[in-house]
Student: 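Got a structure for you, questions after.
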Amino acid sequence: MKSFKLLSVDFEKDGDFFSCPLVDGIIINEENSRRSWILEMFVNKEHKPVFDEWLESEVVINAKAVISYPENEPAGFRLAVYAVKEIGDHISVLLKGPLKRVRSQYAEHLLEELIAEGLQGDEMLDRFKSDMKNRPQLKRDRDKQNS
């Protein structure tokens with residue numbers, strides 16, 4: 001098994017992704033034939049109802065996690081909630097599931113979008129750097145959700 005720092009996680013709910021700001025987090029690659037990963041998140045208690053609902057319904061959630069470095073492309077997962085535990089004003093959430101094999105190619109799609117917008121030179125470079133850091137949803141992904 002290998003463990004890594006979990007920097008951020010976005011969860012899909014009702015067709016949209018929402019961010020769940022982490023106080024702390026770890027992600028563990030179980031290195032097994034099922035490609036299973038374990039995520040433990042320490043988050044504010046305000047998110048407890050969502051995770052309790054997912055725990056009770058045993059639903060599988062699509063998620064995108066940034067691991068180790070903020071510049072890393074988010075990795076896609078299909079996760080189930082295994083435990084939710086209150087710790088003071090926070091909760092610990094334990095999730096488990098496989099890594100999706102599909103690479104989103106965010107950088108390539110972002111570049112295509114910037115070219116389509118007619119950006120060039122320094123303006124394109126500045127926007128590319130900013131969007132690679134902040135990872136806004138791409139137009140192509142918004143269009144998929146709305147169709």
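Since this is a predicted model, take the numbers as computed values, not measurements.
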Student: Hey, does Val60 have a side-chain heavy atom less than 4.5 Å from the side chain of Leu79?
Tutor: no

Student: I need the Ser19 OG to Phe17 CZ distance, nearest 0.5 Å.
Tutor: 11.5 Å

Student: Quick one: closest heavy-atom pair of Phe77 and Ala65, and the distance?
Tutor: CE1-CB, 3.8 Å

Student: If we ignore hydrogens and angles and just use 3.5 Å, is the side chain of Lys96 paired with the main-chain N or O of Trp37 as donor and acceptor?
Tutor: no

Student: To the closest 0.5 Å, what do you measure between CG (Asp16) and CD (Gln137)?
Tutor: 7.0 Å

Student: If you look only at distance, which donor and acceptor atoms sit under 3.5 Å apart when one is on a side chain in residues 27-34 and the other is two or more places apart or in another chain?
Tutor:
from	atom 1	to	atom 2	distance (Å)
Asn29	OD1	Glu31	N	2.7
Glu31	OE1	Met1	N	3.3
Asn32	OD1	Arg34	N	3.1
Asn32	OD1	Arg35	N	3.0
Asn32	OD1	Ser36	N	3.0

Student: Hey, can you pull the donor-acceptor pairs under 3.5 Å for the side chains in residues 47-55, sequence neighbours left out?
Tutor:
from	atom 1	to	atom 2	distance (Å)
Lys48	NZ	Asp52	OD1	3.3
Lys48	NZ	Asp52	OD2	2.6

Student: Are Met124 and Leu111 packed together at the side-chain level, in the sense that at least one heavy-atom pair is separated by less than 4.5 angstrom?
Tutor: yes

Student: With heavy-atom distances below 4.5 Å as the criterion, would you say the side chains of Leu114 and Phe128 are in contact?
Tutor: yes

Student: So among Asn44, Val93, Leu6, which one has a side-chain contact (heavy atoms from CB on, under 4.5 Å) with Leu22?
Tutor: Leu6

Student: Is there a side-chain contact between Phe11 and Leu95 in this structure, where contact means two heavy atoms from C-beta onward sitting under 4.5 Å apart?
Tutor: yes

Student: Considering non-hydrogen atoms only, spot the tightest contact between Ala75 and Leu99 and give its length.
Tutor: CB-CD1, 3.7 Å

Student: Given side chains that start at C-beta, do those of Arg127 and Glu117 come closer than 4.5 Å, heavy atoms only?
Tutor: yes

Student: Output yes when a side-chain donor or acceptor of Glu113 lies under 3.5 Å from a complementary backbone atom of Lys139, and no otherwise.
Tutor: yes

Student: Walk me through whether His90 and Val43 qualify under side chain to side chain contact (heavy atoms under 4.5 Å, CB included).
Tutor: CA-CA 5 Å; His90 299 90; Val43 299; over 6 Å; no

Student: Does some side-chain heavy atom of Lys85 sit less than 4.5 Å from a side-chain heavy atom of Ile91?
Tutor: no

Student: Got a donor-acceptor contact below 3.5 angstrom from the Asn72 side chain to the Ile67 backbone?
Tutor: yes

Student: Is the closest side-chain heavy-atom distance between Lys100 and Arg78 below 4.5 Å?
Tutor: yes

Student: What closest approach, in Å, do Ile26 and Ser3 show between heavy atoms, and which atom pair accounts for it?
Tutor: CD1-CB, 3.9 Å

Student: Hey, is Lys64 close enough to Glu12 for a salt bridge, meaning N to O under 4.0 Å?
Tutor: no

Student: Tell me whether Lys129 at atom NZ has more than 12 heavy atoms from other residues, nucleotides or ligands lying less than 6.0 Å away.
Tutor: no

